[in-house]
Amino acid sequence: MKKIYTTMLLLAACSTMPVMAQDEDEPLTGDSVATFESIDLSDRGYNNGDDGFGGFFDGAFIFYNNYNEQYGSWSGFAISNKKETDFVDYNTSQYNSCVGHGVNNSDSYAVYYYSNYGTTSPMDVESIQDFNGNDFNALGFYVTNSAWNVNAYLKGDGMTEGGFKTGDWCKLTVYGVKDDAIQGSVDFYLADYRSSNEADHYYVNDWKWLDLTSLGTVSQLNFAITSSRNNAWGMTTPAYFCMDNFNDPAAATTGITTVKSDTTGKLHEVARYNLNGEKLESPQKGINLIKMSDGTTRKILVK
């Protein structure tokens, strides 16, 4: 199995961290939100697990990481506070979100890289578990795209040629696992160009709340990213998403769907840009990027 169980190593590395007392027969209620603000990122602005600990502790949870020292690569969780929102190169830009900060302008957020190489089940990839190994109530988390994903949607890259077109999509699936079996899953479209109407095409470019309460009590959460873009070797879309404020009870209670709310009660355009990110005062011939009041962005062709 690709999934790593490094609890003893993590405990040794983080033995001074406070642990929330809890009856092992009672699931967490979500009052220990993980914001990733307390994790040391050094001057480079990210931690990709090259310290060999195998994951990160925050709140009452372990966020697993798998670092390959031979190739200098990683999968699962990394933590970032990088402000850049563009994609320049693989080495550093893979830690950039498309927002440039955490929820409510906080500094840090998590970046998840999905790799299913050598796996046979969604349960084999890096997961989130309770610090003490207990079951917990899955509430949800804020999610947005990585800068690399957005670059692929809009402009394309070496693998996603020409950017997304009508019919394309990129989807995050969260699996709730209990008693060594998948109990349920929740789908979330990071980008959705499936509609024949180009005005309906969008990608997520702000923090949006992903409600996981339908999964109930779980022992761990696992993740998968799938896309309409594939070749003989697998998916060609970048397999990243960004996470913040994991299991935030306030967001779960209020049912918040996005940090930036639509005060009019009706979905509407709030800004328009060209492909270079320059703001447009009126529709311009060619591709226009429309930022909507719910935080999503749609790509339309103006003829």
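Computed from heavy atoms alone, side chains included, the values below leave out hydrogens, waters and symmetry copies. All residue numbers refer to positions in the sequence shown, counting from 1.
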key: Enclosure of Asp89 CG (heavy-atom neighbours >12, cutoff 6.0 Å)   = yes
Non-hydrogen side-chain atoms of Asp58 and Ser38 separated by less than 4.5 Å = yes
task = Would you check if there is a donor-acceptor pair between the side chains of Trp209 and Asn245 at a distance under 3.5 Å?
result = no
key: Distance-minimising heavy-atom pair for Thr85 and Ala147   = O-CB, 3.5 Å
key: Any side-chain donor near an acceptor of the partner, Tyr153 and Asn145, under 3.5 Å   = yes
Ile79 side, atom CD1; Asp244 side, atom CG - distance, nearest 0.5 Å = 9.5 Å
key: Closest non-hydrogen atom pair between Thr166 and Ser196, with its separation   = CG2-CA, 4.1 Å
message = Aromatic contact between Tyr109 and Phe36, with the criterion being ring centroids under 6.0 Å apart: yes or no?
response = no
query = If only atom types and distance count, is the side chain of Ser97 paired as donor or acceptor with the main-chain N or O of Val99 below 3.5 Å?
reply = yes
remark   = The reported gap from CG in Asp107 to OG1 in Thr35 (rounded to nearest 0.5 angstrom) is 10.0 Å
query = Which pair of heavy atoms, one from Tyr46 and one from Asn91, lies closest together, and at what distance?
reply = OH-O, 4.3 Å
task = Check step by step if side-chain contact (heavy atoms from CB on, under 4.5 Å) holds for Gln183 and Val218.
result = CA-CA 8 Å; Gln183 303 295 313; Val218 300; 5.8 Å; no
key: Where Asp211 and Leu139 come nearest, the two heavy atoms and their spacing   = OD1-O, 3.5 Å
inquiry  = Could you tell me if the side chain of Tyr113 sits less than 4.5 Å from the side chain of Asn48, heavy atoms only?
reply    = no
query = Got Ser108 and Leu41 here, is their nearest side-chain heavy-atom distance under 4.5 Å?
reply = yes
ask   = Would you say the side chain of Pro283 lies within less than 4.5 Å of the side chain of Arg272, judging by non-hydrogen atoms?
value = yes
ask   = What do the steps show when you test Ser115 against Ser75 for side chain to side chain donor-acceptor pair (under 3.5 Å), and what is the final call?
value = CA-CA 6 Å; Ser115 172; Ser75 60; 5.3 Å; no
query = So Trp169 and Tyr189, would you call those rings parallel, tilted or perpendicular, with 30° and 60° as cut-offs?
reply = perpendicular
message = For Asn137, is there any backbone N or O sitting under 3.5 Å from a side-chain donor or acceptor partner on Asn247?
response = yes
ask   = Sub-3.5 Å donor-acceptor pair from the side chain of Asn68 to the main-chain atoms of Ser73, do we have one?
value = no
key: Distance-only donor-acceptor check, side chains Asn116 and Thr119, under 3.5 Å   = no
ask   = Passes side-chain contact (heavy atoms from CB on, under 4.5 Å), Met123 versus Tyr175? Steps please.
value = CA-CA 8 Å; Met123 294 189 296; Tyr175 296 94; over 6 Å; no
query = Is it true that Asp192 and Lys171 make a salt bridge, defined as a side-chain N closer than 4.0 Å to a carboxylate O?
reply = no
message = Quick check: Tyr112 with Phe223 (ring centres under 6.0 Å apart)?
response = yes
key: pair Asp86-Asn96: side-chain heavy atoms closer than 4.5 Å   = yes
query = Would you call Ser127 and Val177 a side-chain contact if the rule is heavy atoms closer than 4.5 Å?
reply = no
query = So, for Phe63 and Phe246, is the gap between ring centers shorter than 6.0 Å?
reply = yes
inquiry  = I need the minimum non-hydrogen distance between Cys98 and Val204, along with the two atoms involved.
reply    = SG-O, 3.8 Å
Residues Phe61, Phe136; criterion ring pair (Phe, Tyr, Trp, His ring centres under 6.0 Å); working and verdict = CA-CA 10 Å; Phe61 305 98; Phe136 61 94; 5.1 Å; yes
query = So which heavy atom on Tyr67 is nearest to which on Gly72, and how close?
reply = OH-CA, 3.3 Å
key: Side-chain donor/acceptor of Asn104 to backbone N/O of Ser106, under 3.5 Å   = no
query = Looking at CG of Leu190 and OH of Tyr202, how far apart are the two atoms once the value is rounded to the nearest 0.5 Å?
reply = 9.0 Å
Side chain Ser93, main chain Val88, donor-acceptor under 3.5 Å = yes
request  = Would you please test Tyr114 and Phe241 for side-chain contact (heavy atoms from CB on, under 4.5 Å) and show each step?
outcome  = CA-CA 9 Å; Tyr114 168 68; Phe241 72 89; over 6 Å; no
remark   = Here the gap from Phe164 atom CZ to His201 atom NE2, rounded to the nearest 0.5 Å, amounts to 11.5 Å
task = Give a yes or no on whether the backbone of Arg229 and the side-chain of Thr236 come within a donor-acceptor separation of less than 3.5 Å.
result = yes
Arg44 versus Tyr95, side-chain donor and acceptor atoms under 3.5 Å = no
request  = Can you measure from CE (Met243) to CH2 (Trp207) and round to the nearest 0.5 angstrom?
outcome  = 9.0 Å
inquiry  = Test your reading of the model: is there a side-chain donor-acceptor pair from Asp187 to the backbone of Thr173, 3.5 Å cut-off?
reply    = no
query = Would Val103 and Asp248 satisfy side-chain contact (heavy atoms from CB on, under 4.5 Å), going step by step from the backbone distance to the final call?
reply = CA-CA 11 Å; Val103 169; Asp248 187 342; over 6 Å; no
request  = Using distance alone, with no hydrogens and no angle criterion, decide if Asn197 and Ser195 have a side-chain donor and acceptor under 3.5 Å apart.
outcome  = no
ask   = So, Ser228 and Asp168: side-chain donor and acceptor under 3.5 Å apart, yes or no?
value = yes
ask   = Going from CD1 on Ile62 to CD on Gln220, what distance comes out if it is rounded to the nearest 0.5 angstrom?
value = 11.0 Å
key: Criterion side chain to side chain donor-acceptor pair (under 3.5 Å) on Thr237 and Asn149, from CA distance to verdict   = CA-CA 7 Å; Thr237 306; Asn149 278 70; over 6 Å; no
query = Does atom OH of Tyr90 have more than 12 heavy-atom neighbours, drawn from other residues, nucleotides or ligands, at distances under 6.0 Å?
reply = yes
